[in-house]
Asker: 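Dumping the structure here so I can ask a few things about it.
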Amino acid sequence: MVRIAILGATGYSAVELIKLLLRHPEAEITVATSRQEGNPPLASVHPSLFGRTNLRLEDLGPVAVAARADCVFSCLPHGVTTSLVPQLLATGRCRVIDLSADYRLRSADVYQEWYGERHADPERLASAVYGLPELFRDQIPAATLIANPGCYPTSAILPLAPLLKERIIEPDDLIVDSKSGVSGAGRTPKLTTLFPECNESVSAYNVGRHRHTPEIEQVLSTASGLTANIVFTPHLIPMDRGILTTTYSRPRGEVSEERLFDVMRSFYANEPFVRVVDHLPGTKDSSGTNYCDITVRLVRGRVITISCLDNLIKGASGAAVQNFNLLFGFPETTAL
């Protein structure tokens, strides 16, 4: 059994991760951390776990965590994980899967530009492996630090990467339009995610300055060998979970819709969690699953892709379990 620690166990991604790991035959959750006083039962924070675990929340330092875990999942906000990872890895006892954005970008300068603060562990950025198995599976098993992808980036990267890699679309005129459920904003209360504010309303936010922009560009560029430039516009949709992303791009030459589907299906033929579909997918199709559904259309000389995924699973905790399985040699679909 692989002993598991979950840092920041009170959030939405954390509870989805816990549910997946509780049914994993080779995983044992031994630590769940939080700064809450009194070591409350985990089920008191997540009532859906009542009767499924006796774990209590603990406020532990990284050395104490590493002594009780072989793999650490960090569900902490960005800027926090970097203060813990150096100490966790220095023990030589555990591997880390970070669900925050702290190790996704390779440049500390780019991180500072988009996140507004200096990176606390810049020398480790080059060695962290971006945990999107569909593109970087070969690099994951030997890694000690996995940067779990963002939910928006996953929904944009998976449909665009095959088309860029096959040189079918232009890399410098990519438009990404995404709609996300409210859980994507996290569990901490915010004015914009209060029910009276977001119910029966659709709104764009962080137009032209969303922090996932450089992550999408970096991964698409790395995967394709081209320099990708995107315009990314996220929207908040009044639903609990799910992301629908539509991308628009210009073909590099003559291309048919049949050819576009052939490229997609060939690229993802052996991927267990990417479904290339003929119909127009909706968020309910992938809700509660680790699937990303993708389709493609050719409309008036533009290539349009539509993708859907569950932001808390394929966009966060499900991808983390995929990475966990690859790190420790289990079948990739275990518990998923």
Side-chain angles (χ1 to χ4, degrees), residues 101 103-111 113-114 125-126 128-139 147 149-179 204 206-235 243-269 271 274 276 292-309 314-315 319:
Y103 291 95
R104 295 176 189 160
L105 299 175
R106 292 188 175 276
S107 167
D109 291 337
V110 173
Y111 181 91
E113 177 186 352
W114 287 86
L125 291 176
V129 173
Y130 193 79
L132 191 60
E134 290 79 8
L135 296 182
F136 305 110
R137 181 175 286 105
D138 291 345
Q139 300 175 34
C151 50
Y152 277 136
T154 297
S155 71
I157 291 164
L158 289 178
L160 288 173
L163 303 178
L164 286 169
K165 196 167 184 179
E166 291 297 317
R167 304 299 193 266
I168 288 177
I169 59 174
E170 297 288 355
D172 58 352
D173 186 23
L174 303 171
I175 296 174
V176 178
D177 180 291
S178 296
K179 283 89 174 173
N206 290 345
V207 176
R209 56 187 182 88
H210 195 280
R211 292 166 170 173
H212 283 160
T213 301
E215 181 182 341
I216 299 170
E217 291 181 334
Q218 172 187 280
V219 176
L220 287 176
S221 299
T222 300
S224 68
L226 303 171
T227 301
N229 291 294
I230 71 165
V231 175
F232 174 47
T233 305
H235 301 77
I243 287 179
L244 185 146
T245 289
T246 305
T247 75
Y248 304 84
S249 56
R250 290 183 293 110
R252 302 190 82 171
E254 291 294 326
V255 67
S256 66
E257 196 168 281
E258 182 181 9
R259 169 65 173 153
L260 295 172
F261 270 105
D262 286 345
V263 168
M264 288 286 194
R265 290 193 172 110
S266 175
F267 195 88
Y268 291 119
E271 293 299 336
V274 178
V276 180
C292 178
D293 292 341
I294 300 173
T295 196
V296 62
R297 297 290 188 272
L298 186 64
V299 180
R300 295 189 176 183
R302 296 277 178 165
V303 176
I304 299 174
T305 71
I306 299 170
S307 61
C308 291
L309 54 78
K314 182 56 178 170

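Everything quoted here is computed from the prediction, not taken from an experiment.
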Asker: Take T245 and V176 through the side-chain contact (heavy atoms from CB on, under 4.5 Å) test and state the conclusion after the steps.
Answerer: CA-CA 7 Å; T245 289; V176 178; 3.7 Å; yes
Asker: In Å, rounded to the nearest 0.5 Å, how long is the span from CG of D172 to CG of N229?
Answerer: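 Here the rounded value is 6.5 Å.
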Asker: Check this for me: does any side-chain nitrogen of one of E113 and R211 sit under 4.0 Å from a carboxylate oxygen of the other?
Answerer: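 A salt bridge is absent here (no side-chain N lies under 4.0 Å from a carboxylate O).
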Asker: Ignoring hydrogens and geometry, is there a side-chain-to-backbone donor-acceptor pair from R297 to R302 under 3.5 Å?
Answerer: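 Answer holds: no.
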Asker: Check A228 against L220 and note the closest heavy-atom contact, atom names and distance.
Answerer: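 So the two residues come closest at CB-CB, 3.8 Å.
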Asker: Please determine whether a side-chain nitrogen of the Lys or Arg among E134 and K314 lies less than 4.0 Å from a carboxylate oxygen of the Asp or Glu.
Answerer: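 Salt bridge: yes.
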Asker: Given Y130, which partner from the list Q218, E215, Q139 fulfils the side chain to side chain donor-acceptor pair (under 3.5 Å) test?
Answerer: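 Passing option: E215.
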Asker: Give the C-alpha distance, both sets of side-chain angles, the deciding distance and a yes or no for side-chain contact (heavy atoms from CB on, under 4.5 Å) between I230 and T213.
Answerer: CA-CA 7 Å; I230 71 165; T213 301; 3.9 Å; yes
Asker: Would a 4.5 Å heavy-atom cut-off, applied to side chains only, mark V255 and L260 as touching?
Answerer: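 In contact.
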Asker: Can you name the residues that form a salt bridge (charged side-chain N to carboxylate O under 4.0 Å, His left out) with E217, not counting sequence neighbours?
Answerer: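 For E217, no residue satisfies salt bridge (charged side-chain N to carboxylate O under 4.0 Å, His left out) once neighbours in sequence are set aside.
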Asker: Is the backbone of K165 close enough, under 3.5 Å, to the side chain of R167 for a donor and an acceptor to pair up by distance?
Answerer: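 Yes; at least one donor-acceptor contact below 3.5 Å.
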Asker: Shortest non-hydrogen contact from P159 to P162?
Answerer: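 So the minimum-distance heavy-atom pair works out to O-CD, 3.6 Å.
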Asker: If only atom types and distance count, is the side chain of H212 paired as donor or acceptor with the main-chain N or O of P153 below 3.5 Å?
Answerer: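 Between the backbone of P153 and the side chain of H212 there is no qualifying donor-acceptor contact (under 3.5 Å).
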Asker: Taking side chain as C-beta onward, heavy atoms only, is L160 less than 4.5 Å from I169?
Answerer: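 Sidechains of I169 and L160: in contact.
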Asker: Going by heavy atoms in the side chains, are E170 and L226 under 4.5 Å from each other?
Answerer: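 Of all side-chain heavy-atom pairs linking L226 with E170, none is under 4.5 Å.
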Asker: Calculate, to the nearest 0.5 Å, the distance between atoms CG and CD1 belonging to L163 and I168 respectively.
Answerer: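 It comes to 5.5 Å.
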Asker: In Å and rounded to the nearest 0.5 Å, what is the CG to CG distance from L174 to L164?
Answerer: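 Nearest 0.5 Å value for the CG-CG distance: 5.5 Å.
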Asker: So how far is it from E271 CD to I294 CD1, rounded to the nearest 0.5 Å?
Answerer: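 If I round to the nearest 0.5 Å, the distance is 10.0 Å.
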Asker: Are Y152 and F232 close enough, and set up right, to give a ring pair (Phe, Tyr, Trp, His ring centres under 6.0 Å), and what steps lead you there?
Answerer: CA-CA 10 Å; Y152 277 136; F232 174 47; 5.3 Å; yes
Asker: If every non-hydrogen atom of A108 is compared with every non-hydrogen atom of L125, which pair is closest and at what distance?
Answerer: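 Scanning both residues, the minimum pair turns out to be N-CD1, 3.6 Å.
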Asker: Strictly by side chain to side chain donor-acceptor pair (under 3.5 Å), give each pair with a member in residues 248-263 just once, sequence neighbours left out.
Answerer: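 Pairs touching residues 248-263 that pass the test: D173-R250.
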Asker: Run I304 and T247 through side-chain contact (heavy atoms from CB on, under 4.5 Å) and show every step you take.
Answerer: CA-CA 6 Å; I304 299 174; T247 75; over 6 Å; no
Asker: Let me see the working for T295 and T305 under side-chain contact (heavy atoms from CB on, under 4.5 Å), right down to the final yes or no.
Answerer: CA-CA 6 Å; T295 196; T305 71; over 6 Å; no
Asker: L105 versus P214: any side-chain heavy-atom pair under 4.5 Å?
Answerer: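 Yes - at least one pair of side-chain heavy atoms lies under 4.5 Å apart.
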Asker: Hey, does the side chain of S307 reach the backbone of S155 with a donor-acceptor pair shorter than 3.5 angstrom?
Answerer: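 Yes, the answer is positive, given that a donor and an acceptor are paired below the 3.5 Å cut-off.
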Asker: Can you tell me how far apart CG (L132) and CD1 (I157) are? Round to the nearest 0.5 Å.
Answerer: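 Between L132 CG and I157 CD1, I get 6.0 Å after rounding to 0.5 Å.
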Asker: Are L244 and T246 packed together at the side-chain level, in the sense that at least one heavy-atom pair is separated by less than 4.5 angstrom?
Answerer: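 L244 vs T246: side chains touch.
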Asker: Atom CD1 of I216 and atom OG of S221: how far apart are they, to the nearest 0.5 Å?
Answerer: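 That separation rounds to 11.5 Å.
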